[in-house]
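Each remark here refers to the structure printed beneath this line.
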Amino acid sequence: LPVHESVHQQERVCVDVLRPTCSYQSIICNFHRPKTGDALCKECFFWAFEEEVHHTITAAKLFTPGDYVAIAASGGKDSTVLAYIMKLLNDRYNYGLKLVLLSVDEGITGYRDDSLETVKRNEQQYDIPLKVVSYEELYGWTMDRIVQETGRKSNCTFCGVFRRQALDRGATLLEVDKIVTGHNADDIAETVLMNILRGDIARLQRCTALVTGSEGAISRSKPFKYTYEKEIVMYAYFKKLDYFSTECIYSPNAYRGYARAFLKDLEKIRATTIIDIIHSGECFSVREGIKLPTQSTCECCGHISSQPICKACVLLEGLNKGKPKLGI
Ligand code: SF4
């Protein structure tokens, strides 16, 4: 629980009340918000958290009434809070959305099978229908088998490429208008760092966008773009949401883990690091005349790709030919 212990010892009244009609003036402050440092009681924190997400959604006009929206659901804290809050805001502000949970089963025994059980409970708890698509049915491979073939160095490359496409394929099957994902501010800052470290200017340009994929593909948005991971954990904890918190069994070698550790170190020195890095990412622009990949469709599977053959098809061909390093 990311609440600083000393805060509990302070007997302060909730003076930083944000809610317009707060009836909690007499309640002792529980903690300081990691994002702003405001001393808040629990109820005011919930209100501030929900209103900020609502503001992100409405300021960017992410939805129009009648939209059929798939919530990418893994059972983890981010997507569980996202499902909960999408339902809450849809009801509170009459967005007029039809919601569905969309999960991808990568076939990771001891991880995804357990987390999918959480999503199935969320389906009942939030009364939002669930659709699961699996790597096995889409590609004929599970991640467990891929790791057997390739070892544990490039598992996340396969998994990330396949998941991105699997989500699109699931969304196409459901015929939804839009996809929302639980990517939070920390995730986006990590991605900015990773793209700088790799020199991937095409992705660097796109990774801070609130909405992506509107050209031809089903658009994806990130309502938690400005939401700190710590606050998502606090929200889930205090709301007693049912989420799955175990790490993927193949994650220790993930490149992202190093970027995350670096970000945490920076945050200790400078509290605004996450938002600063997102802002930096937004400010990067590519010099005129630099050729960037253009989005078209894969000649093999017909899904969105910046190359004649998409990365998923190249990786799959390598696996099927017993040469898994082919596409890496
Ligand atoms: Fe897939 Fe890697 Fe994430 Fe595990 S850590 S779910 S292998 S991308």
Side-chain angles (χ1 to χ4, degrees), residues 18-22 43-104 116 118-133 164 166-185 187-188 206 208-228 231-232 235-236 238-243 304:
L18 295 171
R19 292 188 304 155
T21 53
C22 181
E43 294 302 320
C44 287
F45 166 66
F46 293 153
W47 185 85
F49 183 96
E50 290 155 7
E51 287 304 300
E52 282 180 12
V53 178
H54 173 59
H55 180 262
T56 303
I57 289 172
T58 49
K61 297 189 177 67
L62 292 189
F63 311 117
T64 42
D67 275 348
Y68 184 22
V69 179
I71 303 165
S74 67
K77 61 180 186 337
D78 300 309
S79 62
T80 302
V81 174
L82 182 65
Y84 177 87
I85 213 154
M86 284 295 297
K87 162 104 178 150
L88 180 136
L89 294 176
N90 193 31
D91 292 346
R92 182 185 290 169
Y93 292 108
N94 295 318
Y95 289 168
L97 307 179
K98 185 179 163 197
L99 301 174
V100 59
L101 298 170
L102 174 57
S103 292
V104 176
L116 281 175
T118 311
V119 185
K120 285 175 194 163
R121 291 197 299 276
N122 294 159
E123 178 188 14
Q124 307 299 323
Q125 291 155 351
Y126 308 151
D127 194 23
I128 306 176
L130 166 67
K131 168 81 183 162
V132 181
V133 289
R164 181 164 182 83
L167 213 52
D168 279 335
R169 289 170 72 168
T172 306
L173 277 174
L174 285 166
E175 298 182 0
V176 298
D177 301 300
K178 285 163 187 164
I179 304 171
V180 286
T181 63
H183 291 102
N184 59 47
D187 297 328
I188 296 167
R206 289 197 304 262
T208 54
L210 185 57
V211 184
T212 53
S214 32
E215 334 77 24
I218 296 171
S219 78
R220 290 178 184 220
S221 62
K222 309 175 187 108
F224 287 163
K225 176 181 173 184
Y226 301 108
T227 308
Y228 279 26
E231 299 207 346
I232 292 173
Y235 189 88
F238 287 126
K239 283 275 181 185
K240 298 187 170 51
L241 300 186
D242 182 5
Y243 66 96
I304 294 289

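Side chains included, hydrogens not; waters and symmetry mates left out as well; all remaining heavy atoms used.
The minimum heavy-atom distance between Ile71 and Ala83, with the atom names listed, is CD1-CA, 4.0 Å. Pairing each heavy atom of Pro223 with each of Thr56, the nearest pair is O-CG2, 3.7 Å. Here the closest non-hydrogen pair linking Gly182 and Asp78 is O-CB, 3.4 Å. Leu241 and Thr80 make their closest contact through CB-CG2, 4.3 Å (heavy atoms, listed as atom of the first residue, atom of the second, distance). A pairwise comparison of heavy atoms in Ser219 and Val211 identifies CB-CG1, 4.0 Å as the closest pair. Closest of all the heavy-atom pairs between Ala73 and Leu101 is CB-CD2, 4.1 Å.
Of the inter-residue distances, the one linking Phe63 atom CZ with Thr58 atom OG1 reads 10.5 Å to the nearest 0.5 angstrom. Atom-to-atom distance recorded for Arg206:CZ and Thr212:OG1 is 8.0 Å, nearest 0.5 angstrom. With rounding to the nearest 0.5 angstrom, the NZ atom of Lys131 is 5.5 Å from the CG atom of Leu173. Rounded to the nearest 0.5 angstrom, Asn90 CG and Leu99 CG are separated by 5.0 Å. Asp168 CG to Ile179 CD1: the interatomic distance, rounded to the nearest 0.5 Å, is 5.0 Å. Between the OG1 atom in Thr64 and the CG atom in Leu97 there is a gap of 8.0 Å [rounded to 0.5 Å].
Each of Tyr226, Phe49, Tyr93 was evaluated against His54; a single residue qualifies, Tyr93, per the ring-ring contact (aromatic ring centres under 6.0 Å, His included) test. None of Val180, Ile188, Val53 except one satisfies the side-chain contact (heavy atoms from CB on, under 4.5 Å) rule with Phe224; the exception is Val53.
Using the six-membered ring where Trp is involved, Tyr84 and Tyr126 have ring planes that are perpendicular, over 60° apart on the 30 and 60° scheme. Taking the six-membered ring where tryptophan is involved, the planes of Phe45 and Phe238 are perpendicular, since the angle between them exceeds 60° and thus also 30°.
Side-chain atoms of Thr181 do not come within 3.5 Å of backbone N or O of Ala72 as any donor-acceptor pair. Listed for the Lys225 side chain is a donor-acceptor partner under 3.5 Å among the backbone atoms of Thr208.
Sorted by first and then second residue, the pairs that involve residues 172-185 and meet salt bridge (charged side-chain N to carboxylate O under 4.0 Å, His left out), not counting sequence neighbours, are Asp67-Lys178.
Side-chain contact between Asn122 and Ile128: absent, with no pair of heavy atoms (C-beta onward) separated by less than 4.5 Å. Between Asp187 and Lys222 there is no side-chain heavy-atom pair separated by less than 4.5 Å. With a 4.5 Å cut-off on side-chain heavy atoms, Arg220 and Arg164 count as touching.
For Tyr68, there are no ring pair (Phe, Tyr, Trp, His ring centres under 6.0 Å) partners two or more places apart in sequence or in a different chain.
In the model, Glu50 has a side-chain atom that pairs as donor or acceptor with a side-chain atom of Tyr235 under 3.5 Å.
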